[in-house]
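Structure, as structure tokens:
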Amino acid sequence: MWVTHAALPTGYQNRHPNDWIDIPAADPYLPGNLAWLLPQADRQEDLAPLLIWLSRMHLPITTAGLPDLISDYTHASHPHAQAIRRILMKSTPVLTSPGPTLPAP
């Protein structure tokens, strides 16, 4: 099973070589699991740019919720990714309170 999980990011990137930006939101598995799959595939170097990419944050927040977005950052050791995780943790009360919603980027 581990080999299959590790092969998913490589197989996807072979079909979509531009970047992780091409991941379709309609994909039922990859967008929500990519932050876990990349370290499993020994591809930590791909994880930090993915987590630092601000537009990418919108998908997990709107589909799975803030806890899932924050958990993505537990897989990264990059200082910028960890700084974003700390900011999200401190901002959770504001981000989850009812009120006006922010428009999508």
Side-chain angles (χ1 to χ4, degrees):
M1 180 97 154
W2 182 87
V3 173
T4 302
H5 284 295
L8 281 173
T10 302
Y12 187 88
Q13 203 165 35
N14 287 341
R15 289 190 315 274
H16 303 278
N18 292 332
D19 204 346
W20 297 115
I21 195 169
D22 291 336
I23 296 173
D27 184 305
Y29 183 76
L30 196 59
N33 293 288
L34 189 57
W36 179 81
L37 288 167
L38 288 172
Q40 299 303 311
D42 198 26
R43 295 184 60 172
Q44 284 284 348
E45 70 279 359
D46 291 333
L47 184 57
L50 176 75
L51 295 176
I52 295 169
W53 177 39
L54 295 178
S55 297
R56 183 252 174 212
M57 288 182 194
H58 187 260
L59 181 64
I61 287 175
T62 57
T63 58
L66 187 60
D68 285 346
L69 174 64
I70 292 171
S71 72
D72 286 352
Y73 291 85
T74 62
H75 305 290
S77 59
H78 192 279
H80 294 147
Q82 286 304 302
I84 292 170
R85 181 177 185 273
R86 286 190 300 275
I87 290 166
L88 288 170
M89 294 289 290
K90 288 181 180 181
S91 303
T92 298
V94 173
L95 293 171
T96 57
S97 68
T101 57
L102 298 174

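Along the sequence shown, residues carry numbers from 1.
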Side chain to side chain contact (heavy atoms under 4.5 Å, CB included) involving Ala81 - partner list, sequence neighbours excluded
Leu51, Tyr73, Ala76, His78
Find the distance between CE (Met89) and CD1 (Ile87) and round it off to the nearest 0.5 Å.
12.5 Å
Looking at every heavy atom in both Pro39 and His75, which two are closest together, and how far apart are they?
CG-CB, 3.8 Å
Taking only residues two or more places apart in sequence or in another chain, which ones pass side chain to side chain contact (heavy atoms under 4.5 Å, CB included) with Ser77?
none
Filter on salt bridge (Lys or Arg N to Asp or Glu O under 4.0 Å), then keep only pairs touching residues 62-77, sequence neighbours left out; what's left?
Arg56-Asp72
Enumerate the salt bridge (Lys or Arg N to Asp or Glu O under 4.0 Å) contacts for residues 30-39, please, sequence neighbours excluded, ordered by first and then second residue.
none
Could you grab the distance from atom OG1 of Thr74 to atom CD of Gln82, nearest 0.5 Å is fine?
8.0 Å
Can you list everything that forms a side chain to side chain contact (heavy atoms under 4.5 Å, CB included) with Thr92? Sequence neighbours excluded, please.
Leu66, Ile70, Thr96
For residues 29-41, the salt bridge (Lys or Arg N to Asp or Glu O under 4.0 Å) pairs (sequence neighbours left out) are none
